[in-house]
Undergrad: 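My questions all concern the structure below.
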Amino acid sequence: MAVTILFLGPLRDLAGEAERQVSAPLDWAGLLDAVGPDVAGQLSGERVNVACAGKVLADKTALNAQDGEEVALLPPVSGG
Amino acid sequence: MAVTILFLGPLRDLAGEAERQVSAPLDWAGLLDAVGPDVAGQLSGERVNVACAGKVLADKTALNAQDGEEVALLPPVSGG
Amino acid sequence: MRDIRLLTEPFYPGALIGPFTNANPGLGGVCTFVGEVRLDEGVEALELTHYEPLTLQGMQELADRAFARFKLMGLLMVHRVGQMHPGEPIVCVSAAARHRRDAIDTVDFCMDHLKSAAWFWKREKRADGWHWIEPRADDYADLARWGE
Amino acid sequence: MRDIRLLTEPFYPGALIGPFTNANPGLGGVCTFVGEVRLDEGVEALELTHYEPLTLQGMQELADRAFARFKLMGLLMVHRVGQMHPGEPIVCVSAAARHRRDAIDTVDFCMDHLKSAAWFWKREKRADGWHWIEPRADDYADLARWGE
């Protein structure tokens with residue numbers, strides 16, 4: 001098992017893929033490492049949120065994803 | 001020919017009729033005289049407008065209705 | 001596209017909105033408000049009277065002001081007169097624009113004016129007879145928001 | 001009456017509003033906003049993506065806040081995802097209330113949040129490919145009006 005990182009919206013283009021599997025557990029430093037410098041740069045900004053296991057993290061730097069969990073990287077939204 | 005005074009909305013109940021014919025010409029004093037004290041009381045207030053020949057008068061006391069014209073007494077409105 | 005009407009018979013707003021939307025191709029949003037005779041305890045009927053020489057012309061002037069104030073593509077404004085029962089539509093205002101803010105604000109603007117600054121008089125029938133209805137204080141406060 | 005949906009296929013707002021209105025007997029007013037893919041020069045298509053575990057739940061929470069904030073009888077909130085073309089509806093929000101202020105404000109409130117605070121990502125296709133769209137400054141300013 002592993003952690004799945006999901007790239008949503010424009011981050012998908014930046015990452016060049018929709019998702020990536022990495023080994024569990026995954027913390028904030030591990031995430032920044034795993035996504036490459038371009039996405040990591042975006043991720044460090046205030047406007048990108050991180051969800052783990054279907055919940056948006058109040059403090060994304062406290063990420064602690066376990067085996068089988070999904071980590072979604074959520075850039076600024078735009079609907080309607 | 002004459003001037004027709006129209007009582008709109010609640011003024012119709014106060015006047016006890018929907019309209020009344022009076023002789024032309026009709027000025028503000030003549031109107032107050034013609035409509036009876038109850039309606040005249042309302043008419044003197046700021047919230048009642050007067051239209052003559054299909055136009056709301058900016059200054060109702062300048063009323064000067066001629067033969068065949070209609071004078072409409074317009075109490076506070078309520079639509080929608 | 002502008003469609004301003006006074007109706008003396010019941011109407012079905014859904015039948016107006018589809019054609020209105022289609023008549024404004026390229027739009028970004030349509031906002032619609034439909035006011036119905038509310039089911040208020042003891043109210044059996046509602047009657048709206050108007051003054052023919054002023055009412056429709058006043059609605060046209062209101063539409064002029066909406067077009068001058070907002071970036072609008074189309075405006076539909078339909079108001080019933082006559083006697084109505086709970087559940088029947090009284091008024092329908094629909095605005096089409098490229099951006100939602102203009103569509104929503106136009107509906108808000110027109111409704112505030114139709115409610116307390118258009119040539120209609122409303123009364124409701126209760127068990128003890130007819131009662132004239134004046135706008136509520138909230139209605140006058142809503143109207144004042146437009147700073148005219 | 002509450003009806004919150006994410007749709008992956010085209011929908012016809014008119015078919016939703018009639019039943020929604022009928023499901024809220026006694027109402028005084030219904031306000032509806034329909035947003036469509038605008039006809040913008042050079043835009044061939046629009047695509048909205050979402051994140052399934054968050055998006056619908058976020059819309060439900062938005063509905064909760066609308067019910068807490070306004071005196072509402074019913075709320076319909078339908079949002080498309082997937083690829084769409086100019087003229088196709090993207091979003092439909094309809095609010096039923098006893099008084100018009102609550103109905104209009106609810107639609108305004110929900111649209112501001114769907115536009116720049118719900119889990120959707122929008123891009124448009126032009127001759128040179130796909131471009132991601134972020135909310136305009138106006139959209140963020142609209143959202144800030146609610147003082148949350």
Side-chain angles (χ1 to χ4, degrees), chain A residues 1-22 24 26 31 34-36 38-60 62-80, chain D residues 6-7 33-38 46-59 61-62 77-82 84 88-93 107-125 129-140 142-143:
Chain A
M1 292 286 283
V3 170
T4 303
I5 302 173
L6 241 71
F7 302 95
L8 275 302
L11 291 182
R12 188 179 62 188
D13 293 353
L14 205 58
E17 58 192 347
E19 56 176 83
R20 183 177 307 175
Q21 307 276 332
V22 298
L26 184 70
L31 177 65
V35 295
D38 288 352
V39 175
Q42 293 287 313
L43 211 44
S44 306
E46 271 185 14
R47 300 178 72 213
V48 175
N49 280 286
V50 174
C52 180
K55 300 270 177 241
V56 181
L57 302 177
D59 173 9
K60 61 191 173 187
L63 174 71
N64 181 17
Q66 303 303 311
D67 235 20
E69 287 182 342
E70 189 170 86
V71 172
L73 311 190
L74 311 160
V77 297
S78 166
Chain D
L6 269 178
L7 298 181
F33 179 83
V34 175
E36 297 188 355
V37 182
R38 194 170 41 235
L46 194 78
E47 189 193 47
L48 273 154
T49 51
H50 72 303
Y51 180 49
E52 207 276 324
L54 295 182
T55 312
L56 188 60
Q57 188 192 316
M59 288 168 69
E61 288 163 2
L62 176 56
M77 202 190 300
V78 172
H79 207 295
R80 262 297 300 280
V81 289
M84 289 156 266
E88 272 184 60
I90 306 172
V91 59
C92 174
V93 174
V107 168
D108 212 8
F109 175 85
C110 289
M111 280 307 307
D112 282 351
H113 286 78
L114 288 172
K115 201 81 185 182
S116 44
W119 300 109
F120 295 103
W121 294 274
K122 183 159 65 179
R123 57 177 193 162
E124 59 186 30
K125 190 182 189 180
W130 288 98
H131 299 268
W132 293 99
I133 309 296
E134 285 205 21
R136 304 171 301 152
D138 283 357
D139 292 321
Y140 290 122
D142 283 350
L143 185 63

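Note that the coordinates shown come from a computational prediction; the quantities given were computed from them, not determined experimentally. Proteins come first, then strands; the chains are lettered A, B, ... in the order of their sequence lines, and each starts at number 1.
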Undergrad: Using non-hydrogen atoms and a 4.5 Å limit, figure out which bit of D/Arg80 sits close to chain A: side chain, backbone, both or neither.
TA: neither
Undergrad: State whether the side chain of A/Ser78 and the backbone N or O of D/Ile133 hold a donor-acceptor pair below 3.5 Å, judged by distance alone.
TA: yes
Undergrad: What part of D/Glu47 lies closer than 4.5 angstrom to a heavy atom of chain A: side chain, backbone, both or neither?
TA: side chain
Undergrad: How many angstroms lie between atom CD of A/Glu70 and atom CD of D/Glu52, to the nearest 0.5 angstrom?
TA: 9.5 Å
Undergrad: With a 4.5 angstrom heavy-atom cut-off, which part of D/His50 approaches chain A: side chain, backbone, both or neither?
TA: backbone
Undergrad: Let's go through A/Asn49 and D/Trp119 carefully: what are the C-alpha distance in whole Å and the side-chain angles of both, what is the deciding distance for side-chain contact (heavy atoms from CB on, under 4.5 Å) to 0.1 Å, and is it a yes or a no?
TA: CA-CA 11 Å; A/Asn49 280 286; D/Trp119 300 109; 4.0 Å; yes
Undergrad: State whether the number of non-hydrogen atoms from other residues, nucleotides or ligands found under 6.0 Å of A/Glu46 atom CD is greater than 12.
TA: no
Undergrad: Is the backbone N or O of A/Leu8 less than 3.5 Å from a side-chain atom of D/Trp121, with the two atoms forming a donor-acceptor pair by type?
TA: no
Undergrad: Assess the side chains of D/Trp132 and A/Asp13: does a donor N or O sit below 3.5 Å from an acceptor N or O?
TA: yes
Undergrad: In terms of heavy-atom pairs under 4.5 Å, which option from A/Pro75, A/Ala72, A/Ala51, A/Ala53 contacts chain D the most?
TA: A/Pro75
Undergrad: Between D/Leu54, D/Val91, D/Val81, D/Val93, which shows the greatest number of heavy-atom pairs under 4.5 Å with chain A?
TA: D/Leu54
